[in-house]
Each structure stands twice: as C-alpha cells, then as structure tokens.
Amino acid sequence: MKRIKYFATLSFLMLSFVFIACEDEEKVAYNLHTESENLAPYVRFIRDTQVIDATKLDSEGLSGTLSAPSKNVASWTIEVRRIANGVTSNYVELAEVTSFPSEFSVTGLEIATALGISVSEIQPGDNIEFLGKSVGIDGSTLEFASLAGDLSGQPEQRQAYKFNAFVACPFIGTEIVGTYNVTTHTFDAYFGVQPPTRQVVAGPEDNEFTIIGGAVPLDGGDDLIINVDPNTGIVSGVTNADDRHFTTFGPGVYGNVTGFAFSCVGFIDIVITSPGFISNTLTMQKQ
C-alpha cells in the first residue's frame, strides 16, 4: 500500500515536537502540495451536521460537501459501522461518489438499511463510524492508514477517511453526573499520564456540567465548566474560558471547547483549544 510522508511541526510555546511518518524505501511518498508532481488523491469532507438527530432518522442524518483539492480523484467510497452498548458491528459498504465537489448526505434509515437492521434499532448515544477510501485518476489509492498524524489527528484538516457521528439525545444534567473512565486524552503524550478517571458534576447552571480538575488535573488544571445545547448534547462553549487548562509551560487557559455530551449514555467527547497549543481531545465513558 502506498503511503504519504509528511513533516508536521507542532509548537508548544517553548517546546517543538516533530513527527515524521516513516515509510519503506520502495513505497511512493505522496503529498498534498500543488507544486509536486506526485499528488495524493486526497478528499476533504466539510460537514453540515455534527450529530444524527434521533427524532428524524427516517429523513435526516449526516451531510456535507466532498472536495478533491488536487482535482485528481476518480472515486471515493465510504463504509459504515455502528457501535452500540459496547458492541461493534462490521463495516459494510454505504456509498460511492465519482464527482467532486459533491454534496454527500445519508439518512439514519439508509445507514440502518446498509447495516441490515431496523431503523428503530438505532438509538440515542449510538456511535456511527465511517471509513473512506479514494482512488486517483492514475489508479493510486488512499486510505486512513496512509495519512500522517497532521492529517489524521487534526479535525481542522477535514479528512474524509475516518470520522464518526453520534446519534444525539437531549442533555439532562442529573444524568451526566458520575465517575468517568478516560479513553482518550491527547496531552498524556506531552504532559505525562493523567489519572484514568474524572469526576463530573451537574451545573453550576442549567445545561452545564463540570469536570473536576479539568482535563489535566495533575498539572494544575482548574475545574472545567461546560455549556451544552439541551436538545442535541452538542457542547456550545465553556463558562470559565479564562481559567487554567494547565500550568506546565503556561499557564494555558481553556480557550474554546467543542464536542458532545450525551447524558443518556454517559459519554463525553470534547476538544479543548488553548491559545498557543495544539488541540487537546478528552473522551470519557461513565462507569
């Protein structure tokens, strides 16, 4: 399989980390720069929707715009799978697109049909995962495993190769309370491993919840107070944006927080963007 080689420098105020995607000598190195003669058949997906509305599965789902920046893509195919109650289905074929730019949309009903289940089986809190593959006009292929970290790990790159959408449910403050296991925390790689659990409490205001000690409690993080859209569970901001995200190499303030909080299944997935630092993803599942 052909792989892409990229060099991405991530600046941490006083520290710089350089990540290099290694490749075998016999494999071709692709890139996305227009001055290159060897362009990757890369597809971007700019989403219109971030969640799938559980009340409109028959007619709505995930939508957005697909584009091929280098104008060298012949086709893009997408597979889908469902993660529900700890059970992960197999990936199945969902759709193929052969014209770019192109509007792409898929309803909850179409996802259920592809998975071979009834639409009524798709429930709030389900995680619908998508896996893409593109083929260039020269026959080359590009998949998620071929992307270096600066493309696969940064949401702002809008890569169309591995992404997900949760089935949304209303946010209820009393349901979000509890002890959560941390499944993903980006800054563990830079600040050292943080505690494997976090405590979450309701409030202090309606449609808010608080992560005690924030994302980086061992490095002086303040409590993180998050606002949530009560209808969808989409995080709409942070109340105490000027409080400390961490003090190491800082202090770093919270800045902006985006993501989801699905109280019905005790799942929190947020991205914290502090000025001068790369984004910090914190994903937690209630015990």
Side-chain angles (χ1 to χ4, degrees), residues 1-8 10 19-24 27-34 36 38-52 61-83 88-107 110-111 114-115 126-167 183-184 186 258-260 269 271 278-279 281 283:
M1 179 180 297
K2 297 175 182 177
R3 299 183 65 86
I4 300 176
K5 184 167 82 175
Y6 296 97
F7 296 86
L10 306 178
F19 298 90
I20 301 176
C22 299
E23 58 176 357
D24 296 334
K27 296 181 180 178
V28 178
Y30 283 105
N31 63 65
L32 304 181
H33 301 297
T34 56
S36 171
N38 205 20
L39 299 175
Y42 183 75
V43 176
R44 300 182 73 216
F45 182 41
I46 300 178
R47 295 166 59 160
D48 297 327
T49 54
Q50 299 302 314
V51 297
I52 297 174
L62 180 71
S63 64
T65 302
L66 294 166
S67 63
S70 298
K71 298 179 172 41
N72 63 343
V73 178
S75 67
W76 173 83
T77 55
I78 192 72
E79 297 181 335
V80 66
R81 71 179 180 182
R82 169 176 168 254
I83 302 175
T88 302
S89 72
N90 294 324
Y91 277 111
V92 296
E93 294 182 1
L94 181 64
E96 180 179 24
V97 176
T98 58
S99 177
F100 305 90
S102 180
E103 297 301 314
F104 173 75
S105 65
V106 59
T107 67
E110 290 170 330
I111 292 171
L115 292 170
D126 285 1
N127 183 8
I128 308 300
E129 293 192 339
F130 300 87
L131 191 66
K133 177 182 178 180
S134 59
V135 179
I137 58 177
D138 62 353
S140 61
T141 61
L142 187 59
E143 300 177 276
F144 182 77
S146 303
L147 303 181
D150 57 336
L151 287 175
S152 63
Q154 296 298 311
E156 57 269 21
Q157 298 296 338
R158 312 294 182 91
Q159 54 86 9
Y161 297 90
K162 191 173 184 180
F163 52 92
N164 69 308
F166 288 95
V167 181
T183 58
T184 302
T186 305
T258 58
F260 314 97
D269 182 27
V271 177
I278 66 169
S279 300
T281 297
T283 306

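What you see below is based on every heavy atom in this structure, not just the backbone, and it leaves out hydrogens, waters and symmetry mates.
- Under the 4.5 Å side-chain criterion, counting only non-hydrogen atoms from C-beta, Phe45 is not in contact with Phe130.
- Minimum heavy-atom separation, Tyr91 to Glu79: CB-OE1, 3.5 Å.
- A donor-acceptor pair is defined here as one N or O able to donate and one able to accept, closer than 3.5 Å; no such pair exists between the side chain of Tyr161 and the backbone of Ser134.
- Within the 4.5 Å cutoff, no side-chain heavy atoms of Thr77 are placed close to those of Glu93.
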Practice task
Could you please spell out the steps behind the side chain to side chain contact (heavy atoms under 4.5 Å, CB included) verdict for Thr141 and Lys133?
Solution key: CA-CA 7 Å; Thr141 61; Lys133 177 182 178 180; 4.0 Å; yes
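- Nearest heavy atoms, Asn72 versus Ala40: ND2-O, 3.4 Å.
- Contact between Val92 and Leu115 at its shortest, heavy atoms only, is CG2-CD2, 3.8 Å.
- Qualifying side chain to side chain donor-acceptor pair (under 3.5 Å) partners for Thr65, counting only residues two or more places apart in sequence or in other chains: Glu103.
- Atom CD1 of Ile128 sits about 5.5 Å away from atom CD1 of Ile52, to the nearest 0.5 Å.
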Practice task
I would like to know whether Trp76 and Phe100 meet ring-ring contact (aromatic ring centres under 6.0 Å, His included); could you show each step before the answer?
Solution key: CA-CA 9 Å; Trp76 173 83; Phe100 305 90; 7.6 Å; no
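- We find the CD1-OG distance between Ile46 and Ser63 to be 12.5 Å, quoted to the nearest 0.5 Å.
- Proximity of a side-chain donor or acceptor of Ser89 to a complementary backbone N or O of Arg82 within less than 3.5 Å is detected.
- Gln159 and Phe144 get closest at one heavy-atom pair: NE2-CE1, 3.9 Å.
- Annotation for Arg47 and Ala165: closest pair NH2-CB, 3.7 Å, computed over non-hydrogen atoms.
- The CG atom of Asn164 sits 9.5 Å away from atom CG of Leu62, with the distance rounded to the nearest 0.5 Å.
- When all heavy atoms of Pro41 and Leu142 are compared, the closest pair comes out as O-CD2, 3.7 Å.
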Problem - Candidate pair Asn127 and Thr88, rule side chain to side chain contact (heavy atoms under 4.5 Å, CB included), full reasoning - result: CA-CA 9 Å; Asn127 183 8; Thr88 302; over 6 Å; no
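- Contact of the Arg158 side chain with the Phe163 side chain is not registered, since no non-hydrogen atoms from C-beta on lie closer than 4.5 Å.
- Using a distance-only test at 3.5 Å, with no hydrogens or angles considered, a donor-acceptor pair links the side chain of Thr183 to the main chain of Thr283.
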